[in-house]
Amino acid sequence: MIHETPRVRFAPSPTGYLHVGGLRTALYNYLFAKKNNGTFILRIEDTDRKRFVEGAVENLINSLQWCGLEFDEGPGKEGSYGPYIQSERLDIYKNLCNELVSAGKAYYCFCTAERLDALRQEQEQNGKQKMYDKHCCNLSDSEVQANLANNLPYVIRMNIAPGLVVEFDDVIRGHISFNSEIIDDQVLLKSDGFPTYHLANVIDDHMMKITHVIRGEEWLPSTPKHVLLYQSFGWEVPQFAHLPLLLNPDRTKLSKRQGDVAVEDYRSKGYLKEALVNFVALLGWTAGDDREFYYLDELIEAFSLERVNKSGAVFDLQKLSWLNAEHLRKKTSEELLPFLRETMAEKNIPAEKFTDNYLTHVIDSMRERVQFIYEIVENAPYFFSAPQVFDESVIAKRWNEKTPELMQQLVEEFSKLSSNEKEGFETALKVVAEKYTVKTAELIHPLRLSLSGVGGGPGVYDIAMILGKEESINRIKTAIEKIK
RNA sequence: GGCGCGUUCGUCUAGUGGCUUAGGACGCCGCCCUCUCAAGGCGGAGACCACGGGUUCGAAUCCCGUACGCGCUACCA
């Protein structure tokens with residue numbers, strides 16, 4: 001068993017979208033599987049009918065695939081251990097649970113919600129541990145049969161023996177032990193016939209031959225129940241690895257209230273999947289060196305569970321943005337083009353007016369100056385339409401009484417150009433500078449202002465080249481008229 | 001309340017008993033480069049390694065306690 005290839009699973013409940021914390025759990029499972037020639041399985045834990053959300057599974061799978069995390073087995077990709085949706089496995093849970101009852105490891109419980117509430121209230125008042133009192137565990141066979149015959153609603157509970165010490169080794173946290181005294185007789189099968197998470201996850205992990213259970217830290221306290229369950233069934237206990245939590249800036253568990261948590265939110269805000277995956281991988285894991293930039297295949301190569309941290313990590317948007325910029329710069333303008341077109345459409349910029357060639361040049365000139373593609377449209381609107389206003393502070397600083405004449409001369413020189421070569425604009429400008437014995441800066445800044453309306457941005461010759469001779473000349477003329 | 005897990009710059013982290021006057025990255029500040037804005041380069045501020053006891057010649061690193069934080073404590077997952 002030690003040398004068999006690992007089988008791991010990402011087992012979300014379909015609540016409607018993929019949470020970034022879920023993404024990280026999925027990613028670590030994926031990385032671990034791929035690193036070790038293992039199998040990555042997607043299993044849907046939809047045993048809570050009250051939480052059913054239409055389209056949630058499709059959504060989850062879409063987000064996962066967008067991130068590049070392809071699963072080997074799962075819904076729509078049946079392997080030998082399906083179905084992979086728990087609501088389709090109800091008989092399995094019920095049968096196995098009955099075996100537990102027969103073996104005395106579990107029992108029928110007919111307690112009403114009212115009795116349970118009263119019990120908890122009483123225990124709370126007396127300052128005692130809130131636990132089920134095994135009331136129904138003491139029912140005789142005939143009593144149970146009679147209740148069943150009368151169709152009384154029931155659940156099946158785990159029968160946990162007191163005085164045990166439950167121990168296991170967590171790959172990330174080491175040896176952990178619990179006293180069974182404080183482990184409740186957990187409900188295994190609900191009155192609606194559905195299993196609880198605890199039952200379903202143990203049965204499925206065993207039947208799907210899961211070797212490593214890699215999941216969030218919130219499961220750590222219920223792990224002893226799972227260990228006991230494996231033992232009751234007589235099954236081998238898998239390896240556990242409990243991941244640290246992702247946190248809000250105030251160090252509470254990452255939540256909707258304090259920002260975006262869905263992968264699709266980040267996608268629609270213009271983050272590249274490469275950046276999101278890279279960033280999330282680094283929240284709680286490092287290879288141990290100083291490297292921060294990774295592609296997915298490089299993460300696979302470098303990953304190991306043993307190097308996962310124990311403590312929670314704050315989700316830092318600033319660093320995510322930086323990584324986004326890093327990944328942006330590594331992409332070719334051709335790869336970035338669809339993203340630009342997409343944001344142009346969102347901002348109602350007529351696509352047909354701009355050729356791919358034109359936009360590719362725009363991207364080349366702006367890529368070093370933005371963290372997101374949409375910032376090209378926001379920070380350099382002058383590539384999409386002529387400036388309507390000219391920055392007053394730049395006028396004050398760069399535009400003086402002799403500027404109009406100089407600009408007029410530039411128009412003359414530009415007119416002589418036979419192509420839109422960048423060098424042509426540069427030499428033309430230098431001709432004017434020499435003729436009037438002024439520094440090129442005295443032409444460059446007013447020229448930039450004329451072309452863009454602002455004081456910053458790509459090199460002026462680049463802007464002129466991209467806009468072209470005609471458009472540049474028109475803009476200079478307009479500026480001469482408008483700027484007083 | 002009980003149980004469990006955690007605690008190194010604001011944030012992500014390196015560090016597994018001497019190499020550490022605690023290293024890197026994001027962010028912040030300054031300088032350089034420069035037609036501007038970025039990018040890039042260089043430098044700076046920023047952590048008495050939660051606190052208190054041990055163990056040891058020597059501890060961020062091992063042990064114990066305390067504090068704080070978080071998680072769990074459902075017929076939710």
Side-chain angles (χ1 to χ4, degrees), chain A residues 11-15 45-48 50-51 86 109 111 113 116 120 123-124 127-131 153-157 170 172-173 176-179 181-184 186-198 200-201 215-224 242 244-245 247 249-253 279 282-293 309-323 325-326 329 365-371 379-380 394 397-398 426 429 439-449 452 454-461 463:
Chain A
S13 77
T15 53
E45 311 233 325
D46 59 342
T47 55
D48 185 0
K50 295 186 285 290
R51 283 208 194 176
Q86 291 187 328
C109 172
C111 288
L116 260 19
R120 289 195 192 105
Q123 287 169 333
E124 183 154 21
K128 292 204 296 202
Q129 185 75 22
K130 281 193 284 184
M131 282 173 72
Y154 66 88
V155 300
I156 292 178
R157 284 182 186 273
D170 188 281
I172 295 166
R173 286 150 211 284
I176 295 171
S177 79
F178 290 81
N179 193 314
E181 227 71 51
I182 52 98
I183 304 176
D184 205 357
Q186 183 61 234
V187 170
L188 262 19
L189 204 68
K190 300 184 259 188
S191 55
D192 63 3
F194 277 64
T196 57
Y197 168 86
H198 308 284
N201 120 86
R215 76 226 305 190
E217 187 186 353
E218 67 268 28
W219 295 110
L220 202 48
S222 48
T223 303
H242 287 95
L245 261 21
L247 311 173
D250 68 357
R251 305 204 74 87
T252 53
K253 192 172 164 185
F279 175 65
L282 259 19
L283 289 176
W285 172 85
T286 41
D289 52 22
D290 290 338
R291 186 168 177 192
E292 308 232 56
F293 187 94
N309 278 147
K310 296 175 177 66
S311 51
V314 173
F315 198 88
D316 177 16
L317 267 339
Q318 282 189 318
K319 192 152 187 176
L320 208 206
S321 296
W322 168 75
L323 261 178
E326 291 290 300
R329 290 178 194 128
S365 74
M366 288 298 292
R367 61 188 315 143
E368 297 276 283
R369 282 160 249 268
V370 296
Q371 291 189 312
N379 300 354
V394 180
K397 194 174 174 191
R398 310 286 195 186
E426 184 165 0
L429 184 138
K439 282 190 274 187
T440 53
E442 284 199 58
L443 294 168
I444 284 171
H445 296 292
L447 173 58
R448 174 196 310 289
L449 182 64
S452 71
V454 294
V460 254
Y461 308 123
I463 299 177

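All chains are named by letter (A, B, ...) in the order of the sequence lines, taking the proteins before the strands, and each is independently numbered beginning at 1.
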Taking the [atom1] atom of each, how far is [N] from [M], in whole Å?
N	M	atom1	answer
B/A25	B/G52	C1'	33 Å
B/C68	B/C28	C1'	28 Å
B/A47	B/C57	P	33 Å
B/A14	B/U8	P	11 Å
B/A60	B/C48	P	13 Å
B/G53	B/A67	C1'	14 Å
B/G27	B/G18	C1'	34 Å
B/C3	B/C9	C1'	33 Å

Selected nucleotide, minimal atom distance to [X] side chain, candidates [options]:
X	options	answer
A/Glu292	B/C75, B/C26, B/A25	B/A25
A/Thr286	B/G27, B/A14, B/G6	B/A14
A/Ile182	B/C35, B/G2, B/G40	B/G2
A/Glu218	B/G71, B/C75, B/G40	B/G71
A/Arg51	B/G24, B/G71, B/C76	B/C76
A/Asp316	B/G10, B/U7, B/G71	B/G10
A/Arg120	B/U13, B/C75, B/A38	B/C75
A/Lys253	B/C5, B/C70, B/C35	B/C70
A/Trp322	B/C26, B/G1, B/C5	B/C26
A/Thr196	B/C76, B/G4, B/C26	B/C76

Relative to the 5' end of RNA chain B, which residue comes earlier, A/Leu220 or A/Tyr461, by the nucleotide with the nearest heavy atom?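 Its nearest nucleotide lies further toward 5', so the answer is A/Leu220.
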On RNA chain B, check which nucleotide each of A/Ser222 and A/Asp184 is closest to and give me the residue with the more 5' one.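 Closer to the 5' end of RNA chain B: A/Asp184.
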[X] side-chain N/O to [N] phosphate OP1/OP2 under 4.0 Å:
X	N	value
A/Asn309	B/C12	no
A/Lys50	B/C76	yes
A/Lys319	B/G10	no

Looking across every strand, which nucleic acid part, if any, lies under 4.0 Å from [X] by heavy atom: base, sugar-phosphate, or nothing?
X	result
A/Arg251	sugar-phosphate
A/Pro249	nothing
A/Val155	base
A/Gly216	nothing
A/Thr47	sugar-phosphate
A/Val460	base
A/Thr252	sugar-phosphate
A/Arg367	nothing

Between the base of B/C5 and the side chain of A/Arg173, is one N or O donor paired with an acceptor at under 3.5 angstrom?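 Flag unset: no donor-acceptor pair detected.
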Would you state whether a donor and an acceptor, one from the side chain of A/Ser191 and one from the base of B/C75, lie under 3.5 Å apart?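 Indeed, a donor on one side and an acceptor on the other fall under 3.5 Å apart.
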Distance, rounded to the nearest Å, where [X] contributes [atom1] and [N] contributes [atom2]:
X	N	atom1	atom2	result
A/Asp170	B/G71	CG	P	18 Å
A/Phe178	B/C72	CZ	P	13 Å
A/His242	B/C5	NE2	P	12 Å
A/Leu245	B/G6	CG	C1'	11 Å

Taking the inter-plane angle between the rings of A/His198 and A/Trp219 on a 0 to 90° scale, is it parallel (under 30°), tilted (30 to 60°) or perpendicular (over 60°)?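 Because their plane-to-plane angle is over 60°, the rings of A/His198 and A/Trp219 count as perpendicular.
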Looking at B/A74, which nucleotide sits across from it as a Watson-Crick or G-U wobble partner, both distances under 3.5 angstrom, or is there none?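 Check on B/A74: unpaired, no WC or wobble geometry under 3.5 Å.
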